[in-house]
Each structure stands twice: as structure tokens, then as C-alpha cells.
S.K.: 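Starting off with a structure, shown below.
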Amino acid sequence: MTDDIKRSKGKFDPVTETRDWQVAASEEYCRRIAKKTGRRLVEIIDTEDEPLPIVCIFEDYSDD
């Protein structure tokens, strides 16, 4: 499946991240948040931290 979403594992630093982000329990929740908020899901980071191990990175859709 090619969905153009970057996936990575490891630590996440909320201080240095300038894009919109939100934590979630799974990739599916990231997709739901993106759909509900009208933003594009561009990256998923698996921090392996419980209870919300997934960090979803969003961008607004461009106006072109």
C-alpha cells in the first residue's frame, strides 16, 4: 500500500516539532483525526510509549 505517509520509530520531541501533531493509540486513529479535522496525515511516529504510542503529524491541504 502506498499512501505517502512517512513512518518512523523512536523518540518524539514535542518542543522541536513545528508541525501540527497529536498522539493516538493507532495509525487508524491518526487517519480518523485527519479526516475529521480536514488535514493531511504526513508522518506517523511509533514511540512505543504506552498508553498512546503513536504520534500523528499533520499538514493543512494546500490551496492549489
Side-chain angles (χ1 to χ4, degrees):
M1 182 172 93
T2 57
D3 53 14
D4 293 331
I5 298 171
K6 179 182 173 187
R7 288 175 174 77
S8 52
K9 285 186 180 256
K11 292 288 180 201
F12 170 71
D13 187 351
V15 176
T16 60
E17 180 56 65
T18 59
R19 299 170 292 180
D20 288 341
W21 61 271
Q22 200 160 342
V23 292
S26 70
E27 285 192 24
E28 180 57 35
Y29 282 104
C30 289
R31 286 182 179 69
R32 290 182 190 177
I33 294 165
K35 189 173 183 179
K36 201 162 82 172
T37 60
R39 293 179 294 175
R40 186 167 57 105
L41 179 61
V42 293
E43 185 174 354
I44 295 171
I45 303 169
D46 184 354
T47 65
E48 298 179 345
D49 292 337
E50 294 299 331
L52 297 172
I54 304 297
V55 177
C56 320
I57 308 290
F58 303 101
E59 286 181 357
D60 290 331
Y61 283 103
S62 58
D63 292 336
D64 50 331

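Numbering starts at 1 and runs along the sequence shown.
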S.K.: Could you go through Arg19 and Val42, starting from their C-alpha distance and side-chain angles, then the distance that decides it, and tell me whether this counts as side chain to side chain contact (heavy atoms under 4.5 Å, CB included)?
M.R.: CA-CA 10 Å; Arg19 299 170 292 180; Val42 293; 4.2 Å; yes
S.K.: Without swapping roles, check the side chain of Thr47 against the backbone of Lys11 for a donor-acceptor pair under 3.5 Å.
M.R.: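 Flag not set: sc Thr47 to bb Lys11 has no pair under 3.5 Å.
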S.K.: What pairs of residues pass the disulfide (SG to SG under 2.5 Å) test when at least one of them lies in residues 3-49, not counting sequence neighbours?
M.R.: Cys30-Cys56
S.K.: Under 3.5 Å, is there a donor-acceptor pair between the side chain of Arg7 and the main chain of Ile5?
M.R.: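 Confirmed, Arg7 side chain pairs with Ile5 backbone.
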S.K.: Going through the distances and angles, do Lys35 and Arg31 end up as a side chain to side chain contact (heavy atoms under 4.5 Å, CB included)?
M.R.: CA-CA 6 Å; Lys35 189 173 183 179; Arg31 286 182 179 69; over 6 Å; no
S.K.: I need the Asp4 CG to Leu41 CG distance, nearest 0.5 Å.
M.R.: 11.0 Å
S.K.: Does Tyr29, at its OH atom, have more than 12 non-hydrogen atoms belonging to other residues, nucleotides or ligands within less than 6.0 Å?
M.R.: no
S.K.: State, to 0.1 Å, how close Arg39 and Tyr61 come at their nearest heavy-atom pair, and which atoms those are.
M.R.: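 Closest heavy-atom pair between Arg39 and Tyr61: C-CE1, 3.6 Å.
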S.K.: Quick one: closest heavy-atom pair of Pro14 and Trp21, and the distance?
M.R.: CB-CZ2, 3.4 Å
S.K.: Is there a path of hydrophobic side-chain contacts, each under 4.5 Å between heavy atoms of I, L, V, M, F, W or Y residues, that connects Val23 with Ile57?
M.R.: yes
S.K.: When rounded to the nearest 0.5 angstrom, what is the spacing between CD1 in Ile33 and CD in Glu28?
M.R.: 10.5 Å
S.K.: Give a yes or no on whether Phe12 and Leu52 share a hydrophobic cluster (residues Ile, Leu, Val, Met, Phe, Trp, Tyr; joining criterion: side-chain heavy atoms under 4.5 Å apart).
M.R.: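 Yes, it is one cluster - the side chains of Phe12 and Leu52 are joined through contacts under 4.5 Å.
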S.K.: Of all the heavy-atom pairs spanning Glu27 and Ile54, show the shortest one and how long it is.
M.R.: N-CG1, 4.3 Å
